[in-house]
Amino acid sequence: ASSLASLGAPPPSALALLAPQQGISMEYGQLDLKARQLATGLEDLGYVAGSVIISDFPNTAENLLLQCALAHVGAAIATPPKDEAAMAALCAAHDVRGVVT
């Protein structure tokens, strides 16, 4: 897993996230630290490279944090399909390890 800095991100003190509706702002260094902490927790739960998590999180700071953490793990995020058959097909075709709502 690589850090945001190694991916060519701005310096750790640069603003990475501003979510005024949530009263949240984070610098790249803070976002990277939180993403790494969450990634460790996800790995402890069995998430590995290639795993998929299904999430219907809205466009929030938590969504970005989850996506960054999954990137650290090498896992992916998918939006839940609208019907049960499509959900079953998604789960059958991929290593779906969990659902976050």
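Heavy-atom basis, side chains included; hydrogens, waters and symmetry copies ignored. Just so you know, these numbers come straight off a predicted model, no measurement behind them.
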Atom of [X], atom of [Y] and distance for their closest heavy-atom approach:
X     : Y     : value
Ile53 : Tyr47 : CD1-OH, 3.6 Å
Ala35 : Cys68 : CB-CB, 3.7 Å
Ser55 : Pro80 : O-CD, 3.2 Å

- request: Mind checking the CG-CD spacing from Leu15 to Glu27? Nearest 0.5 Å is all I need.
  value: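 Output value for this atom pair is 7.5 Å.
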- request: Give, for atom CD of Gln21 and atom OG1 of Thr60, the distance between the pair rounded to the nearest 0.5 Å.
  value: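 Taking CD in Gln21 and OG1 in Thr60, the distance rounds to 10.5 Å.
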Hydrophobic cluster membership, [X] vs [Y], 4.5 Å side-chain cutoff:
X     : Y      : answer
Leu66 : Ile24  : yes
Val96 : Val100 : no
Phe57 : Leu90  : no
Val48 : Leu45  : no

Heavy-atom check, side chain of [X] versus side chain of [Y], under 4.5 Å:
X      : Y     : result
Ile54  : Cys91 : yes
Gln22  : Glu62 : yes
Thr101 : Asp56 : yes
Leu31  : Leu64 : yes
Met87  : Asp83 : no
Leu38  : Leu65 : yes
Leu17  : Gln30 : no
Leu70  : Leu42 : yes

query: Are any side-chain N or O atoms of Arg97 and backbone N or O atoms of Gly46, one a donor and one an acceptor, separated by less than 3.5 Å?
result: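 Pair found, side chain donor or acceptor close to backbone of Gly46.
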field: Under the side chain to side chain contact (heavy atoms under 4.5 Å, CB included) test, residues paired with Gln67 that sit two or more places apart
entry: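 Applying side chain to side chain contact (heavy atoms under 4.5 Å, CB included) to Gln67 gives Asn63, Ile77.
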- prompt: Near Asn59 CG, under 6.0 Å, is it more than 12 heavy atoms from other residues, nucleotides or ligands?
  reply: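 Open.
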